[in-house]
Amino acid sequence: GAGVSQSPSNKVTEKGKDVELRCDPISGHTALYWYRQSLGQGLEFLIYFQGNSAPDKSGLPSDRFSAERTGGSVSTLTIQRTQQEDSAVYLCASSPGINYGYTFGSGTRLTVV
Amino acid sequence: SQELEQSPQSLIVQEGKNLTINCTSSKTLYGLYWYKQKYGEGLIFLMMLQKGGEEKSHEKITAKLDEKKQQSSLHITASQPSHAGIYLCGAVGSNYKLTFGKGTLLTVNP
């Protein structure tokens, strides 16, 4: 596609439920990043993929968070047993490489009630 | 880990005025990115700087990376309400991780 696509754009879930957030990067982009942006906070790095592997998972807040990427393309961020503090905008970005700009999706706004 | 500090945290200017936003890194910058974000939207890529002393312009926005590659500035000339938003600087470290400053909230009053 022309840009990075994220779905759903909005998600409201009950505390304790699991959620899956999807990111479709730009075709051919090998690097894929997930970030979280909470109200009034900066962008918090979650995880980085190069191809299908994740060299850096250091930003995942807890073991309730996991992510995978298949076929060097689509990535899914899964949050298990959601908590209210998980409420945030989750942003995905992709890039063809380190010397190129990173293109961001419009994000998924997650609200845990 | 690399830390980016942006200043000011927020800025209110009258339409037509010039303004500058700064981004200072705790380590040498291998690549410095400027993004703009409007409330509830994703990040819009503005510019990328890599070489010390590099300067790039797009419309009324100019960004510079200093010679030592530890500080960048973003300058807007003759600001307009359309320039309002959050400006974020991001940097790629040696581990290829893109990290961001906390952003500068710009308000332009008509």
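We name chains A, B, ... by the order of the sequence lines, and we start the count at 1 in each one.
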- A:F104 and B:F45: CA distance, side-chain angles, deciding distance, ring-ring contact (aromatic ring centres under 6.0 Å, His included) verdict: CA-CA 8 Å; A:F104 280 80; B:F45 172 74; 9.8 Å; no
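Between A:F45 and B:L98 there is no side-chain heavy-atom pair separated by less than 4.5 Å. Counting heavy atoms from C-beta on, the side chains of B:Q37 and A:V89 never come closer than 4.5 Å. For the pair A:L43/B:L43, a side-chain contact is recorded, criterion being any heavy-atom separation below 4.5 Å from C-beta on.
The hydrophobic clustering, which links ILVMFWY residues whose side-chain heavy atoms are closer than 4.5 Å, places B:Y33 and A:Y48 together. Grouping the Ile, Leu, Val, Met, Phe, Trp and Tyr side chains by contacts below 4.5 angstrom, directly or via other members, places A:I79 with A:V112. When hydrophobic clusters are built by joining Ile, Leu, Val, Met, Phe, Trp and Tyr residues whose side-chain heavy atoms come closer than 4.5 Å, directly or via intermediates, A:L60 is not grouped with A:L91. In the hydrophobic cluster analysis, where Ile, Leu, Val, Met, Phe, Trp and Tyr join through side-chain heavy atoms closer than 4.5 angstrom, A:L32 is grouped together with A:F65. Under the 4.5 Å side-chain heavy-atom criterion for ILVMFWY residues, no single connected hydrophobic cluster contains both B:Y35 and A:L46.
Two rings, from B:F100 and A:Y35, have their centers less than 6.0 Å apart.
B:T99 contributes atom OG1, which lies 12.5 Å from atom CD of A:E44 (distance to the nearest 0.5 angstrom).
Few gaps surround CD on B:Q80; more than 12 heavy atoms of other groups in view lie less than 6.0 Å from it. Around atom CD of B:E55, more than 12 heavy atoms belonging to other residues, nucleotides or ligands sit under 6.0 Å away.
For chain B, no part of A:S9 is nearby; none of its heavy atoms comes within less than 4.5 Å. B:I86 does not touch chain A: none of its heavy atoms, backbone or side chain, sits under 4.5 Å away. Interface remark: A:Q37 contributes side-chain atoms only to the contact with chain B (heavy atom separation under 4.5 Å).
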